[in-house]
Amino acid sequence: MSSPARAQPPEDPQHALASIRSELDRIRAAVGRIERGLAELESGAASSARARPRQVRYLQVLVDVYDLGGRHGVSLEQWARIGSARGYDRRGLGGFFTGVRAPLRQADGRVALTVSGERLVDEYLAELP
Amino acid sequence: MSARELVLVDGDWLEERLGDPDLVICEVDERPLIYRVGHIPGARCLDWRVDLQDSLTRDLPDSESLARLWRRIGLTERSTVVFYGDQSNWHACFGYWLFRIYGVSDMRILDGGRQLWVREQRPLTREAVSENGRAALLPQASGERLRARWPDVQAAGERGVQLLDVRTTAEYRGDVLAEAGYADEGAQRAGHIPGALSVPWDVAVGEDGRLLAEDQLRARLTARGVDLTAPAITYCRIGERSAHTWFVLHELLGVEARNYDGSWVEWGSMIGMPIATGEDPRPSG
């Protein structure tokens with residue numbers, strides 16, 4: 001024979017209120033932690049977005065390649081002349097081809113802008129008076 | 001004077017005539033802001049997005065818009081217009097084609113465009129060019145025969161008209177929707193118009209961007225399967241590279257050619273239109 005179900009004691013309103021307040025405090029603390037973390041991430045992202053502005057001569061090299069190279073880019077000889085005219089040595093010129101966002105690429109004996117390079121050219125041109 | 005001499009000039013020709021009041025020099029660039037780096041003295045900047053098309057209707061500008069433009073650049077009945085620009089004159093040739101449609105007869109393309117002028121270290125200036133206040137020529141749309149619409153393209157095969165796809169071979173095959181850097185200019189599908197031959201625009205130019213000599217042009221185009229005795233319609237992605245090839249065929253070689261400015265962004269996006277992919281000009285499937 002089963003025992004009859006025991007009736008639940010009536011809920012203490014004071015206890016319920018305290019419980020809700022405690023839960024609210026935990027949620028507020030968690031929100032605070034999330035907001036602080038988010039602020040740190042945003043500030044980090046902003047500082048990397050504010051990375052050192054590229055030197056004007058760096059951008060001018062890209063504009064020269066665009067202007068002199070047309071659709072097919074410049075020859076290696078022209079590339080060397082452009083670099084030299086803008087004050088770059090051989091090592092400095094190598095920097096234009098490195099990294100996932102390299103602004104220039106070399107193919108079939110010619111140097112041409114990448115999509116990243118074209119974007120930099122556009123940014124430079126937009127700043128011209 | 002040969003057909004070539006009537007429509008194509010070199011840097012010496014232009015430099016000798018700088019300052020001639022009857023010369024209207026128009027720079028048309030893919031990147032119009034490059035004009036600010038320096039331009040040929042007296043040259044006016046025509047922005048192809050603003051001046052050479054009606055962006056609301058995605059059509060050529062109407063005669064009223066052209067009249068305003070011609071007033072601005074001072075184009076009169078006495079004018080000789082010289083077009084040049086970046087990217088081997090793609091957009092300069094589009095401007096030339098558009099002005100021809102509206103009845104301008106005395107026009108030249110600067111061979112090699114901006115690229116060669118800069119490389120030859122010819123004069124550049126950043127000085128603004130003021131309006132000359134001359135009474136402008138009135139545009140008359142008399143050259144519709146130079147333009148192809150999609151029904152013309154659709155009927156090309158049965159009319160014995162060659163279709164020439166002047167984009168890169170990767171675009172023709174359907175490997176890519178558009179070249180890198182033109183992501184916002186793609187169509188819905190990749191491939192080419194059935195029956196079109198692949199004749200990339202740059203078969204007509206040398207490394208310095210200059211157009212090849214006539215015999216070389218004929219040889220290269222023939223090698224690509226182009227019949228230089230038959231009419232042709234050129235197309236590319238948005239009609240500017242095909243204006244370059246149209247210039248070569250119609251103006252230099254005397255071929256009965258039209259430019260399909262709707263080009264692949266129109267054809268490749270139309271519902272119910274067949275396309276072809278791969279090397280084969282015939283329809284897929």
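Here is the naming used below: chain letters follow the sequence lines, and residue numbers restart at 1 for every chain.
- Between chain B and the options L125(A), V121(A), L113(A), V74(A), the largest number of non-hydrogen pairs under 4.5 Å is found for L125(A).
- Of the residues considered (I34(B), V118(B), D86(B)), I34(B) shows the highest number of contacts with chain A, using heavy-atom pairs under 4.5 Å.
- Applying the 6.0 Å contact sphere to CD of E207(B) captures no more than 12 heavy atoms from other residues, nucleotides or ligands.
- With chain A as the partner, the residue from W90(B), W117(B), Y35(B) showing the most heavy-atom pairs under 4.5 Å is W90(B).
- If you measure heavy-atom distances from Q60(A) to chain B, you find no contacts under 4.5 Å at all.
- With a 6.0 Å radius and a threshold of 12 heavy atoms from other residues, nucleotides or ligands, Q106(A) has its CD atom above the threshold.
- Nearest heavy atom pair, residue V205(B) against residue H72(A), reads CG2-CE1, 4.3 Å.
- Between chain B and the residues S75(A), S116(A), P129(A), the largest count of heavy-atom pairs under 4.5 Å involves P129(A).
- Annotation: the span from R119(B) atom CZ to R81(A) atom CZ amounts to 8.5 Å, rounded to 0.5 Å.
- Heavy-atom neighbours of D108(A) CG from other residues, nucleotides or ligands within 6.0 Å: at or below the threshold of 12.
- Only the side chain of E179(B) comes within contact range of chain A, judged by heavy atoms closer than 4.5 Å.
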side-chain contact (heavy atoms from CB on, under 4.5 Å) between Q115(B) and Y66(A), worked out: CA-CA 8 Å; Q115(B) 159 189 355; Y66(A) 178 79; over 6 Å; no
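- No more than 12 heavy atoms of other residues, nucleotides or ligands shown are found within 6.0 angstrom of CZ on R101(A).
- To the nearest 0.5 Å, atom CD of residue E123(A) and atom CG of residue L33(B) are 12.5 Å apart.
- Looking at D67(A) and R114(B), a side-chain N of the basic residue comes within less than 4.0 Å of a carboxylate O on the acidic one, giving a salt bridge.
- Contact of R110(A) with chain B is made through the side chain alone, with heavy-atom distances under 4.5 Å.
- Here the side chain of R36(B) pairs a donor or acceptor atom with the backbone of L128(A) at under 3.5 angstrom.
- The environment of CD in Q188(B) is sparse: at most 12 heavy-atom neighbours from other residues, nucleotides or ligands sit within 6.0 Å.
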Worked check of side-chain contact (heavy atoms from CB on, under 4.5 Å) between D202(B) and R71(A): CA-CA 9 Å; D202(B) 55 359; R71(A) 196 64 206 156; over 6 Å; no
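- Counting heavy atoms from C-beta outward, V37(B) and V63(A) have side chains that approach closer than 4.5 Å.
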